[in-house]
Amino acid sequence: MKLQDKVAVITGGGSGLGRQGAQLFASEGAKVAVVDIDGDRAEQTAKLVEQQGGTAIAITADVSDEAAVYRSVETTVEQFGKLDIMWANAGVVSRGGVPSVAGGEHVEFQDLTDADWQHVLGVNLSGVVYSCKAAVPAMRANGGGTILATSSAASFAAYHSIAMYSATKAGVNGLVRGLSLDLGRYGIRVNALAPTHGMSPNFLMGPGTPVIGQSYEETAGPWDPGVSPIPLKLQRPPSLVDNAKVALFLVSDDSAYISGLTLPATDGGTLSRVAMMFE
Ligand code: ADP
């Protein structure tokens, strides 16, 4: 068990990667506080963890509200006695540009409102800052801990229609780099995970390629392996389990010598595209 007796907060734990992470961390021995703006979904995650024999509580909180984040950490420490792991994972996607790969109503970038910007900035970047701030006192009291933030391949590479999102995720990368220097002396490591959510083929394959939220089979059909944008023999996009396992590595002692890193959990296709941008 890689997280025996550890206590973890996972924000955005009500769905997707956060929910998968809550289940994986609990199966490795962690007690998990599932924090989400959607309390019902947080409860559902906590139930799933309990059904598999783990321990979890659900906390309803908006991570863009600093006081709410502090209350979430207080509740966790009251309930479980300490805090070892903070995974600042809650996030929202922005729009604006060409019709979005994520679907939805088309909005030109200049027509996005300040409320749109404040929302994506508040959740994706301020939310991570607040989660780190709130975690540090509890972790210092406990002799150390690990902080993980969810970044994105879009923090390195260009994707249509999500420029605001990309900007906030690039901010996350800078935050973990800087914080790793400031918090290392307290035994606190700070890293980020940059998943691709199976998006990597979108900008390589053109129309008819997979979109977020749909399976590859639904949108693209089988690929010709000779031209596949995924160089891995697996020939599929990363699953939530794939990404959650990378998160587990970054919060466990297996990565005891890694801090300040944004680790892209992605195939060579995405990374080669990023490399091209710097050639
Ligand atoms: P992913 O597939 O990347 O995990 P999801 O949209 O499935 O993305 O999950 C993001 C989670 O973050 C959702 O459960 C959502 O309710 C949560 N979330 C979104 N905004 C906030 C917020 N302001 N505070 C807390 N949780 C949030």
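Indexing begins at 1, ligand by ligand and atom by atom, following the structure's order.
Not a single heavy atom of T11 sits under 4.0 Å from any atom of ligand 1.
Counting heavy atoms from C-beta on, the side chains of V136 and L183 come closer than 4.5 Å. In this structure the side chain of T262 reaches within 4.5 angstrom of the side chain of V176, judged on heavy atoms.
Among I37, N243, V35, the residue whose heavy atom lies nearest to atom 21 (C) of ligand 1 is I37. Relative to atom 10 (C) of ligand 1, the option among G91, A88, G21 with the closest non-hydrogen atom is G91. Nearest to atom 11 (C) of ligand 1 by heavy atom, out of G16, S72, G12, is G12.
Note on L48 and V34: separate hydrophobic clusters, where clusters join Ile, Leu, Val, Met, Phe, Trp and Tyr whose side-chain heavy atoms are under 4.5 Å apart, directly or indirectly. Cluster annotation: W117 is connected to V128 through the hydrophobic network of ILVMFWY side chains, with a link wherever side-chain heavy atoms come within less than 4.5 Å.
If you look at R19 next to ligand 1, there are no close heavy atoms at all, none under 4.0 Å. Residue L240 does not touch ligand 1, judged by heavy-atom distances below 4.0 Å.
Of all atoms in ligand 1, numbered sequentially from 1 with element shown, those under 4.0 Å from a heavy atom of V92 are 19 (C), 20 (N). Close contacts of ligand 1 with D62, meaning ligand atoms under 4.0 Å from a residue heavy atom, involve 22 (C), 23 (N), 24 (N). When each atom of ligand 1 is checked for a heavy atom of A61 under 4.0 Å away, the hits are 24 (N), 25 (C). Remark: ligand 1 atoms within the under-4.0 Å shell around heavy atoms of L17 are 4 (O).
Below 3.5 Å of separation, one finds an N or O of S15 facing an N or O of ligand 1. An N or O contact shorter than 3.5 Å is missing between A90 and ligand 1 by distance. In terms of N/O distances under 3.5 Å, ligand 1 is not approached by S64.
For the residue pair S259 and R189, the shortest heavy atom distance occurs at OG-CA, 3.4 Å.
K2 has no carboxylate O lying under 4.0 Å from a charged side-chain N of D253, or vice versa, which leaves the two without a salt bridge.
Counting only residues at least two apart or in different chains, salt bridge (Lys or Arg N to Asp or Glu O under 4.0 Å) contacts with residues 68-84 comprise K82-D84.
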Just distance, no hydrogens or angles: give the donor-acceptor pairs under 3.5 Å from side chains in residues 3-15, sequence neighbours left out.
unit_1	atom_1	unit_2	atom_2	d
T11	OG1	N89	N	2.8
T11	OG1	A90	N	3.0

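A donor-acceptor pair is defined here as one N or O able to donate and one able to accept, closer than 3.5 Å; such a pair exists between the side chain of D242 and the backbone of S239.
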